[in-house]
Amino acid sequence: MIEQLNPAQRQAVTYPEQHVLVLAGAGSGKTRVLTTRIAWLIQQKGVSPYAFLAVTFTNKAAREMLARIEALLPIDTQGLWVGTFHGLCNRLLRYHHRDAGLPQGFQILDSADQLAAIRRLFKSLNYDESQFTPRDMQHYINSCKEQGLRADACPAQTKIEQHMREFYAQYQQQCEREGVVDFAELLLRAYELLQNNSILRQHYQERFKHLLVDEFQDTNPLQYAWLTLLAGENSSIFAVGDDDQSIYAFRGADVSNMYRFEQDYARDHVIRLEQNYRSSGHILDAANQLIAGNQTRLGKKLWTDAGQGEPISLQVLDTDQLEAQWVLDEIQKLLDAGTAAQEIAVLYRSNAQSRVIEHHLFTAGIPYRVYGGLRFFERQEIKHVLAYLRLLDNPDDDTSWLRVVNFPTRGIGARSLEQLGAQAQEHNSSLYRAVPYMTGRAGSNLAAFVQLLQDMRQAAQQQTLPELLQYVIRQSGLAEHYQKQKEGQERLENLQELVNAAAVFVQEEGLQNFAAGQIPDAPNIDDQGSLAAEIGAAPVTPMSPLGAFLTHASLEAGDTQAERGQQAIQLMTVHAAKGLEFDAVFLTGLEEGIFPHERSLDSLDDIEEERRLMYVAMTRARQKLFLTRAHTRMLHGQRRYYHNSRFIDELPAENMRKLAAQPGGFAAADSANWGQQLGPNMGSWQPKSGRRASAVYGGSLRTQAVTVNGKEFRIGMGVEHPRFGVGTILRVSGSGDDAQAEIQFQQAGKKNLALAIAKLDIIAGT
DNA sequence: CACGCTCTCACTGCT
DNA sequence: TGAGAGCGTG
């Protein structure tokens with residue numbers, strides 16, 4: 001089992017049973033180490049499978065981990081807790097819902113549901129959106145929870161903070177009333193459950209001798225607290241991560257958890273996995289050099305014994321169009337040379353950049369697959385069906401109620417709902433429970449809807465889950481509605497797919513013989529029986545197939561796209577590429593303001609995160625890495641001009657191959673021969689010094705003044721912008737509608753503005 | 001209640 | 001540029 005491991009991997013796998021931090025570089029075999037550690041402890045040390053809790057961030061990672069453990073061990077892996085933070089917390093809360101103060105069938109809100117709930121509360125509290133929007137509020141609530149803060153513990157120094165905190169409290173009340181929990185709540189509740197209930201805490205602390213965490217750099221403070229709370233006196237945490245690949249600070253991840261863990265738990269117990277099995281030497285050397293530019297890191301240097309391979313190619317193009325064309329040409333060559341399409345990836349910093357590339361691939365007839373976008377359980381037609389189903393389980397779920405009470409339309413308009421809302425408020429009840437107070441036409445329409453739900457609930461008692469779904473799709477009128485709709489065909493197919501998904505689900509969970517609403521006995525679910533006996537906890541609460549399916553739908557939104565195996569070029573953001581690898585990688589849009597993104601330019605922390613992102617991007621490539629940038633690209637419907645990304649300058653010359661510039665594009669049209677100008681060592685790639693890269697704007701395109709709409713803009717002139725304030729023109733270029741100026745604003749920093757569009761006032765006398 | 005118009009705004013995205 | 005939300009009209 002451990003014979004084929006390298007020394008560092010072996011050390012990690014066989015480390016004494018105590019807290020360890022494993023710094024696992026990109027492509028160093030971290031999943032293998034994690035899974036082998038579990039298998040080794042079970043097999044060689046006789047540790048019971050019950051003593052393990054292994055936690056990941058994504059369902060995909062959890063599935064992969066389980067599959068690999070099963071491949072390593074001939075024995076039964078039942079009892080092993082492997083899952084996502086949210087999945088495991090959900091499990092805890094289902095088992096101990098009473099202790100956690102939750103209703104038995106609590107529903108889970110996904111981000112969209114949460115936002116809808118917040119919007120609804122905005123309306124019912126008559127909040128205007130001038131101070132903060134529902135989106136701001138959602139972000140605020142989640143980040144409070146991710147720091148373990150309930151509303152009463154949130155700061156209230158300023159008026160705004162007081163308002164937000166008050167709203168947070170109201171939102172929480174609404175969730176309690178409706179019996180729903182959002183994602184962050186799953187974690188916070190589970191944490192509080194263990195915190196407040198010493199019997200449960202001790203039970204789990206004694207049970208889980210080994211806590212293993214994947215992607216530790218992505219944990220947020222609450223996850224860290226949950227994990228360290230769960231670890232008892234005799235438990236050990238095996239934390240695997242890479243601080244250089246921490247790219248999710250924007251959603252609450254805090255790399256300093258790694259530094260803290262090292263200090264507080266694993267001092268002198270840090271293992272570095274630095275041998276890389278993925279990329280060639282040139283790529284690794286360049287990536288190492290780049291990431292060394294970050295101040296804050298634990299430090300690590302990847303190496304390979306597989307040879308230098310090919311240097312990294314860098315190509316500079318005039319426009320985003322030409323960049324896409326160049327990428328297309330190179331892809332064509334790779335395909336001709338026999339590279340499999342799915343082994344070629346085109347990466348970009350943000351999704352908007354995919355369009356041009358897609359267009360070129362599409363025109364050339366090359367199959368491609370864009371990652372990201374709508375996932376299966378997030379589609380509106382799917383969410384509609386799920387809303388009906390949720391109401392069967394929990395009619396007090398107002399979010400679901402409002403979603404489908406009038407969809408398809410059944411004569412219950414905004415007016416009726418307003419009245420219903422008022423009744424609900426008055427009787428302090430859910431909308432569902434307020435229906436009997438309604439009279440007249442609205443009352444009877446609502447009563448009919450309640451009857452519809454009642455019929456469905458009845459069906460749930462007799463039919464299997466797939467049968468119930470089919471029934472709900474028909475009886476709700478959704479099937480008919482989409483049949484009539486012009487573009488409803490695809491939606492109908494998705495609904496059928498949902499029925500199939502339910503059939504697969506009950507099969508896999510062994511629930512196929514149960515009616516949808518029936519609660520099966522739970523003889524073989526884990527050790528909960530013994531737990532109940534042991535600590536006198538509330539009786540175990542298994543879920544009905546319906547409840548289980550709804551939970552599944554919330555916690556696992558489904559893949560964005562089907563199998564990766566298809567013969568298609570892979571297009572995705574750098575974030576989405578984390579954890580993946582390809583023979584050939586095109587990293588596009590390497591311009592200052594694109595990558596690093598303009599929103600990150602003023603903060604060192606943000607720039608360091610962008611640098612890690614660049615590091616992640618580069619280390620996706622096995623053999624060939626192509627970097628590209630364009631002088632100008634269309635963004636937000638405007639042509640904008642960009643400098644070289646600082647990250648290009650930070651790469652060592654000896655690992656790079658400078659490609660000759662491509663002729664053509666607007667350079668030719670503008671009669672400025674950019675082709676020559678961008679020859680080797682000029683615009684394309686320059687060693688170290690060329691940070692300012694003035695060559696980009698140099699030569700015949702350099703202009704002293706331009707006239708737009710009768711106003712003359714000169715270099716050095718003072719201008720005022722309604723948002724950015726007062727600034728000085730550093731540079732002008734182009735003409736007519738394309739005329740651009742780079743302006744140094746006193747407050748807002750340097751901006752490139754299109755003069756025909758920007759509302760600039762010239763400050764007289766400058 | 002549905003449709004179409006205008007306005008605004010824009011990174012990354014798992015659970 | 002173009003998606004999504006808000007608003008007014010038939």
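Throughout, protein chains are lettered first and strands after them, A, B, ... in sequence-line order, and every chain is numbered starting at 1. Quick caveat, the model's predicted, so the values are computed rather than measured.
- Taking both residues in full, the closest heavy atoms of A:Gln245 and A:Asp218 are given as O-OD1, 4.5 Å, listed atom of the first, atom of the second, then distance.
- Under a cutoff of 6.0 Å and an axis angle of 45°, A:Arg119 and A:Phe122 do not form a cation-pi pair.
- With DNA chain B read from its 5' end, the first of the two nearest nucleotides for A:Asn59 and A:Asn406 is the one closest to A:Asn406.
- Map A:Ile412 and A:Phe57 each onto its nearest nucleotide of DNA chain B; the residue landing nearer the 5' end is A:Ile412.
- For A:Lys30 and A:Asp242, the salt-bridge test fails: no basic side-chain N is under 4.0 Å from an acidic carboxylate O.
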Exercise for the section: Sugar-phosphate means primed atoms, P, OP1 and OP2; the rest is base. With that split, encode nucleotides 5-13 of chain B 5' to 3' as B, S or - using protein heavy atoms under 4.0 Å. Expected result: -----BBBB

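- Side-chain atoms of A:Thr56 never come within 3.5 Å of backbone atoms of A:Asp214 as a donor-acceptor pair (strictly under, hydrogens ignored).
- Taking atom CG of residue A:Asp320 and atom C1' of nucleotide C:dT1, one finds them 12 Å apart after rounding to whole Å.
- Summarising the geometry, the separation between CG on A:Leu222 and P on B:dT15 is reported as 17 Å, rounded to the nearest angstrom.
- Atom CG of A:Leu188 sits about 11.5 Å away from atom CD of A:Gln147, to the nearest 0.5 Å.
- Other residues, nucleotides and ligands contribute more than 12 heavy atoms inside 6.0 Å of the CZ atom of A:Arg150.
- Within the nucleic acid shown, A:Thr409 comes within 4.0 Å of sugar-phosphate atoms alone, with no base atom in reach, counting heavy atoms only.
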Show me, pair by pair, the donor-acceptor contacts under 3.5 angstrom made by side chains of residues 412-419 of chain A, not counting sequence neighbours?
none

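- The CG atom of A:Asn90 sits 16 Å away from the C1' atom of B:dC14 (whole-angstrom rounding).
- Tested against A:Val327, the residues A:Thr588, A:Ile569, A:Leu317 include a single side chain to side chain contact (heavy atoms under 4.5 Å, CB included) partner, A:Thr588.
- The separation between A:Ile141 atom CD1 and B:dT15 atom P is 22 Å, rounded to whole Å.
- Between A:His631 and A:Tyr641, the gap from one ring centroid to the other reaches at least 6.0 Å.
- Atom P of nucleotide B:dA2 and atom NZ of A:Lys484 are separated by 11 Å, given to the nearest angstrom.
- For A:Ser111 against B:dT15, a side-chain N or O and a base N or O form a donor-acceptor pair under 3.5 Å.
- Within 4.0 Å (heavy atoms only), A:Ala414 reaches sugar-phosphate atoms of the nucleic acid but no base atom.
- One interatomic measurement links the two molecules: CZ of A:Phe377 to C1' of B:dC14, which rounds to 16 Å at whole-angstrom precision.
- In this structure, the CG atom of A:Leu186 is 17 Å from the P atom of B:dC14, given to the nearest Å.
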Completion exercise
Protein heavy-atom contacts under 4.0 Å, written 5' to 3' over nucleotides 2-10 of chain C as B (base), S (sugar-phosphate only) or - (none), form the string S--------

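- Taking the P atoms as reference points, C:dG4 lies 16 Å from B:dG13, given to the whole Å.
- Rounded to an integer number of Å, the gap from CZ of A:Arg375 to P of B:dT15 is 5 Å.
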